[in-house]
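Just so it is clear, the model here is predicted, and its values are computed rather than measured. Atom set for the values below is all heavy atoms of this structure, side chains included, hydrogens, waters and symmetry mates excluded.
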Amino acid sequence: MNNAIENKCVNTIRFLSVDAIEKAKSGHPGLPMGAAPMAYTVWAKHMKFNCDNPDWANRDRFVLSGGHGSMLLYSLLHLCGFDMTLEDIKNFRQWGSKAAGHPEYGEAEGIEMTTGPLGQGLSTAVGMAIAEQFLAENFNRPGYRLVDHYTYVIAGDGDMMEGITSEASSIAGHLKLGKLICLYDDNEISIEGSTDIAFTEDVAKRYEAYGWQVIKVKDGNDINAIDDAISQAKEEEDKPSLIIVPTIIGYGSPAKQGTADVHGAPLGKDEVINAKRNLGWPEDKEFYIPDDVKEHFEDIKQRGKKLEQQWNDLWQRYQKEYPELADKWNKWFTGEIIQGIENDPSLWDFDGDMATRKSSGIVLNKIADKVTNLIGGSADLAPSNNTNMKDKGDFTPETRTGRNLHFGVREHAMGSIINGITLHGGLRAFGATFLVFADYMRPAIRLAALMKQPAIYVFTHDSIAVGEDGPTHQPIEHLASLRVIPGLTVIRPCDAKETADAWVAAIKNTEGPTALILTRQGLPTIDKLPEDSIKGGYILKDSEKDMPDVILMASGSEVSLVMNASQQLKDKGIDARVVSMPSWEIFDKQSEEYKNKVLPDNVKTRVAVEAGSTMGWHKYVGDQGVVIGIDRFGASAPGDVVMEKFGFTVENVVKNVMDLIK
């Protein structure tokens with residue numbers, strides 16, 4: 001039998017959620033009402049946190065994968081002493097409230113990630129668990145378990161249906177991430193009704209096949225049973241754990257519990273009263289927190305403070321015993337490790353033709369020697385992406401210090417795992433695949449941008465020049481689709497030296513994610529980059545006149561094309577300026593004075609060239625300019641033939657310029 005105060009705490013969580021949703025006239029009461037016992041058990045009996053220091057490095061991480069049930073998390077944050085006031089909760093889903101419709105990372109303390117798109121939470125948690133294991137192996141020493149924490153997830157039926165969850169859970173089992181614990185809120189209800197209309201698989205057997213420990217709880221309201229299950233999960237070191245908790249969605253609502261009606265709509269005034277009466281809660285009180293509940297959570301807060309103080313004492317002793325490791329810890333967690341990487345001239349030491357995917361691999365390895373907390377890998381394409389870090393080892397179940405991650409053919413999960421590693425703190429992470437498969441990663445990339453996380457994506461095989469593989473592997477719309485994601489910096493370098501610029505920019509960008517767009521085919525290397533090459537767009541070859549007759553602009557492999565075209569134009573008496581535009585986002589952040597210097601308003605004759613969708617280029621060429629691109633799917637043929645057939649030739653660039661000048 002559960003303790004009376006524990007039941008009262010659970011009902012406090014339930015009705016804080018219900019009252020907030022009712023006041024907002026919007027929200028999802030079903031999950032908080034059904035999952036409150038398991039959430040309380042995690043936070044009150046197992047979670048290691050300190051509300052006074054939400055960023056404590058050795059805290060346990062908690063991810064509410066079903067972000068629609070956000071009021072469950074907000075209620076816990078308020079009760080546990082985080083900066084989530086009762087006023088915030090009363091303004092749930094309103095302008096300016098920290099209690100947004102779905103949890104938003106950075107908006108309130110204690111929110112470990114932005115959730116809402118189902119499956120992303122559990123998948124990102126896999127990255128957090130990888131980070132914990134990697135850091136533990138690097139820093140823990142006998143008697144000094146500096147890194148020793150769990151990642152807890154609450155995921156629902158919707159999460160379990162998402163394909164990304166299967167990808168991420170598969171690799172989590174393969175990697176034997178024993179400190180990942182997922183509580184499965186199995187209420188058997190989705191928006192359209194009972195889950196059996198579309199979801200009848202045996203989830204337990206699926207997860208056992210993935211290599212997870214599966215624990216079943218009989219009653220989702222039995223706090224003691226949930227507590228025992230979590231304790232059992234923590235004892236298993238070599239398998240992640242799935243705790244299946246059968247719950248009743250909207251528990252306590254006489255008319256709506258167990259139905260889809262309680263998933264995504266307020267109970268209604270009368271049913272709120274009925275639910276409170278049914279569970280013995282004061283019917284006439286809103287946002288009610290009993291005094292003994294406050295006292296109980298105060299004890300939980302004090303426990304957390306003591307846990308961090310114990311860790312701080314350990315840290316003080318650790319610094320004396322292992323000063324070099326302590327110094328490395330500080331550099332990793334403060335970001336100091338990335339300072340000054342741009343001062344290494346060898347990063348730009350290239351000559352001769354070289355594919356930017358190849359130069360990227362060379363630069364990556366040089367940076368990996370300096371940025372020792374950089375880890376990452378590819379979705380089974382490392383030899384093609386050139387993303388293997390030499391002599392850095394592989395992260396495996398047996399070797400946790402390896403810095404090369406093998407994601408398998410799991411692009412979607414890779415994106416989320418990279419986010420989780422980055423969110424955890426102390427590490428930088430990258431993932432790689434072909435540009436055309438960036439679509440598989442898009443939800444994770446979008447979340448990284450939303451959370452302002454400095455994840456790095458390496459996308460190679462960047463255009464129709466891929467050739468014989470044909471239109472399925474030739475990206476057309478992908479550059480444009482990535483460029484429209486707010487906060488994502490897209491860089492498409494034109495040669496080896498711009499690729500070095502791109503990697504330095506990606507590493508030094510701590511305000512959001514970066515996508516590097518790289519070629520398969522070889523490109524000539526520029527003799528010397530101007531100082532402005534780091535500004536996203538710059539004058540690579542200037543005109544001989546004060547003002548050019550035409551501005552030729554391009555990114556990536558097409559820069560060498562317009563350089564050659566400028567020479568032919570010169571032979572025709574036309575003076576061209578060549579502008580390399582590796583990154584629109586970086587260029588757009590420059591001063592108006594600089595942008596006008598590169599693209600002066602009074603030069604209207606402009607031609608942009610890029611082997612992809614023309615969308616977006618018109619803001620640079622203006623209404624009198626021309627964009628040479630491709631707005632249809634490609635074709636299967638040798639790369640140089642495909643480029644020629646689609647007009648990416650010197651002759652076609654010259655022709656377009658001549659037509660404009662007439």
If we ignore hydrogens and angles and just use 3.5 Å, is the side chain of [X] paired with the main-chain N or O of [Y] as donor and acceptor?
X	Y	answer
N58	D148	yes
T165	D159	yes
R400	Q133	no

Worksheet item: Can you find a heavy atom in the side chain of Y288 that is under 4.5 Å from one in the side chain of K276?
Response: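 With C-beta onward as the side chain, the pair stays apart.
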Quiz question: by atom type and distance under 3.5 Å, do the side chains of [X] and [Y] form a donor-acceptor pair?
X	Y	value
D157	T195	no
S166	R206	yes
E585	T489	no
H412	E162	no
T151	R61	no
N419	T124	no
Q453	T422	no

Could you work out, with side-chain contact (heavy atoms from CB on, under 4.5 Å) as the rule, every residue matching [X], not counting sequence neighbours?
X	value
D380	V409
K301	C51, E298
S70	Y74, F92, P103

Can you list the residues that meet the side-chain hydrogen bond (donor to acceptor under 3.5 Å, both in side chains) rule with [X], with sequence neighbours excluded?
X	result
T41	none
R446	none
T514	N509
K234	H46

Rounded to the nearest 0.5 Å, what separates atom [atom1] in [X] from atom [atom2] in [Y]?
X	Y	atom1	atom2	answer
M414	F437	CE	CZ	11.0 Å
K176	E236	NZ	CD	10.0 Å
E411	R442	CD	CZ	15.5 Å
F62	L77	CZ	CG	9.0 Å
M113	L423	CE	CG	6.5 Å

Closest non-hydrogen atom pair, [X] against [Y]:
X	Y	result
S241	Q213	OG-NE2, 2.7 Å
G66	L31	O-CD1, 3.8 Å
S17	S75	OG-OG, 3.2 Å
Y457	P513	CE1-CB, 3.7 Å

Please enumerate all residues that pass ring pair (Phe, Tyr, Trp, His ring centres under 6.0 Å) together with [X], with sequence neighbours excluded.
X	result
F49	W43, F82
H149	H424
H461	F434

Worksheet entry | Audit row: S253, E271, side-chain hydrogen bond (donor to acceptor under 3.5 Å, both in side chains) steps and yes/no | CA-CA 7 Å; S253 168; E271 190 61 15; 2.7 Å; yes
Item to complete: Enumerate the residue pairs fulfilling salt bridge (charged side-chain N to carboxylate O under 4.0 Å, His left out) with a member in residues 22-40, sequence neighbours excluded, ordered by first and then second residue.
Response: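 Applying salt bridge (charged side-chain N to carboxylate O under 4.0 Å, His left out) to every pair that reaches into residues 22-40, excluding sequence neighbours, yields nothing.
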Item to complete: May I have all residue pairs that pass salt bridge (charged side-chain N to carboxylate O under 4.0 Å, His left out) and include part of residues 103-120, sequence neighbours excluded?
Response: R59-E112
Discussion item. Under the criterion side-chain hydrogen bond (donor to acceptor under 3.5 Å, both in side chains), I'd like the reasoning laid out for D228 against S231: C-alpha separation, chi angles, the key distance, then a yes or no.
Written reply: CA-CA 5 Å; D228 290 343; S231 296; 5.4 Å; no
Worksheet item: Looking at E208 and K239, does any basic side-chain N land under 4.0 Å from a carboxylate oxygen?
Response: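 Result for this pair is no, no salt bridge flagged.
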Worksheet item: Can a salt bridge be assigned to the pair K285 and D19 using a cut-off of 4.0 Å between side-chain N and carboxylate O?
Response: no
